[in-house]
Amino acid sequence: MIWTGFSFGQAGEWSVVSATAVFGAALAGAEGRLRIAEGWIDGAATQALRGVASNVRYANRSEIADLRAVQEGLGRPAATMVALIPISKSGEWWMLAQDERRTIFEEQSRHHSIGLRYLPAIARKLYHGRDLGEPFDFLTWFEFAPEHEGMFNELLAELRASREWSFVTREVDVRLTRVI
């Protein structure tokens, strides 16, 4: 299992614009620049997070096909803005069976359906930190062009208003721009 490191500090291709605690504690040291590397964390980092890109856990086959049909990849030249959103969910969430979490995730909260409406303008990649013993269960990386920031904010507002978000105990919204 190869994990990805997100290192905040003096170096990196992304410059931190803001780091806002949405639920729970702030993310101390999320400042300066951000460097991302597989299997590596900068020893001089002011803050570091790790996550594993894993299989899709809450989508069925047709939903995965829908996403693949319209989602564009990361690293598009026009996508110079990023939101890194670390999230932790409650023990109550993790005590639910997989099918119960799926019901809340999609049937009640429509997570997949909401996200699909914002593609291909917004690209994302999900990293799992829970299995690594990290402080955040998920690290979600979103890339978009500056003209799509309003759309991204709408996406977040819809997701945050869903039943799924009642299980979120910590969320930090870190906004970044690509360093030219």
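In this chain, residues are counted from 1 in sequence order. Here the structure is a predicted model, which is why all the values come from computation and not from measurement.
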What do you reckon, is CD of Glu147 surrounded by more than 12 foreign heavy atoms closer than 6.0 Å? yes

Within a 6.0 Å radius of atom CD on Glu107, are there more than 12 heavy atoms belonging to other residues, nucleotides or ligands? yes

[X] to [Y] - nearest heavy-atom pair and separation:
X: Leu139; Y: Pro86; value: CD2-CB, 3.6 Å
X: Arg35; Y: Ala11; value: NH2-CB, 2.8 Å
X: Gly115; Y: Leu155; value: CA-CD1, 4.0 Å
X: Ala78; Y: Pro146; value: O-CD, 3.7 Å

Listed by chain and number, what are the ring pair (Phe, Tyr, Trp, His ring centres under 6.0 Å) partners of Trp3, not counting sequence neighbours? none

Is there side-chain contact between [X] and [Y], with at least one heavy-atom pair below 4.5 Å?
X: Val82; Y: Phe144; answer: no
X: Phe23; Y: Thr169; answer: no
X: Phe142; Y: Leu84; answer: no
X: Trp14; Y: Arg33; answer: no
X: Glu31; Y: Phe8; answer: no
X: Val172; Y: Val22; answer: no
X: Ile85; Y: Leu156; answer: yes
X: Leu49; Y: Leu27; answer: yes

Side chain to side chain contact (heavy atoms under 4.5 Å, CB included) between Val52 and Leu132, intermediate numbers included: CA-CA 8 Å; Val52 175; Leu132 299 173; 3.6 Å; yes

Interatomic distance, [X] atom [atom1] to [Y] atom [atom2] [nearest 0.5 angstrom]:
X: Glu134; Y: Ser88; atom1: CD; atom2: OG; answer: 10.0 Å
X: Met81; Y: Ile122; atom1: CE; atom2: CD1; answer: 11.0 Å
X: His148; Y: Met151; atom1: NE2; atom2: CE; answer: 5.5 Å
X: Leu34; Y: Thr177; atom1: CG; atom2: OG1; answer: 11.0 Å
X: Glu164; Y: Glu106; atom1: CD; atom2: CD; answer: 9.5 Å
X: Thr46; Y: Gln10; atom1: OG1; atom2: CD; answer: 8.0 Å

Between Asp173 and Arg175, is there a salt bridge with N-O shorter than 4.0 Å? yes

Arg117/Glu158 salt bridge by N-O under 4.0 Å criterion: yes

same_hphob_cluster([X], [Y]) at 4.5 Å side-chain heavy-atom cutoff:
X: Leu159; Y: Tyr118; result: yes
X: Phe152; Y: Val17; result: no
X: Phe136; Y: Leu126; result: no
X: Leu74; Y: Ile36; result: yes

Hey, does the side chain of [X] reach the backbone of [Y] with a donor-acceptor pair shorter than 3.5 angstrom?
X: Glu13; Y: Val179; result: no
X: Thr4; Y: Ala37; result: no
X: Glu100; Y: Ala97; result: yes

What pairs with Arg130 under side chain to side chain contact (heavy atoms under 4.5 Å, CB included), at least two apart in sequence or on another chain? Trp94, Asp137

Residue list, side chain to side chain contact (heavy atoms under 4.5 Å, CB included) with Glu72, at least two apart or on another chain: Arg76, Pro120

Go through the steps for Lys125 and Glu143 under the test salt bridge (Lys or Arg N to Asp or Glu O under 4.0 Å), then give the verdict. CA-CA 9 Å; Lys125 187 167 186 174; Glu143 291 183 5; over 6 Å; no

Could you walk me through whether Val70 and Leu116 pass the side chain to side chain contact (heavy atoms under 4.5 Å, CB included) check? CA-CA 8 Å; Val70 294; Leu116 196 59; 3.7 Å; yes

Give the intermediate values and the outcome of side chain to side chain contact (heavy atoms under 4.5 Å, CB included) for residues Arg170 and Val168. CA-CA 6 Å; Arg170 189 173 179 203; Val168 172; 5.8 Å; no

Let me know which of Phe6, Phe138, Trp141 forms a ring-ring contact (aromatic ring centres under 6.0 Å, His included) with Tyr127. Phe6

As a quick check of understanding, evaluate side chain to side chain contact (heavy atoms under 4.5 Å, CB included) for Phe105 and Arg110, giving each step before the final call. CA-CA 6 Å; Phe105 185 81; Arg110 301 178 348 13; over 6 Å; no

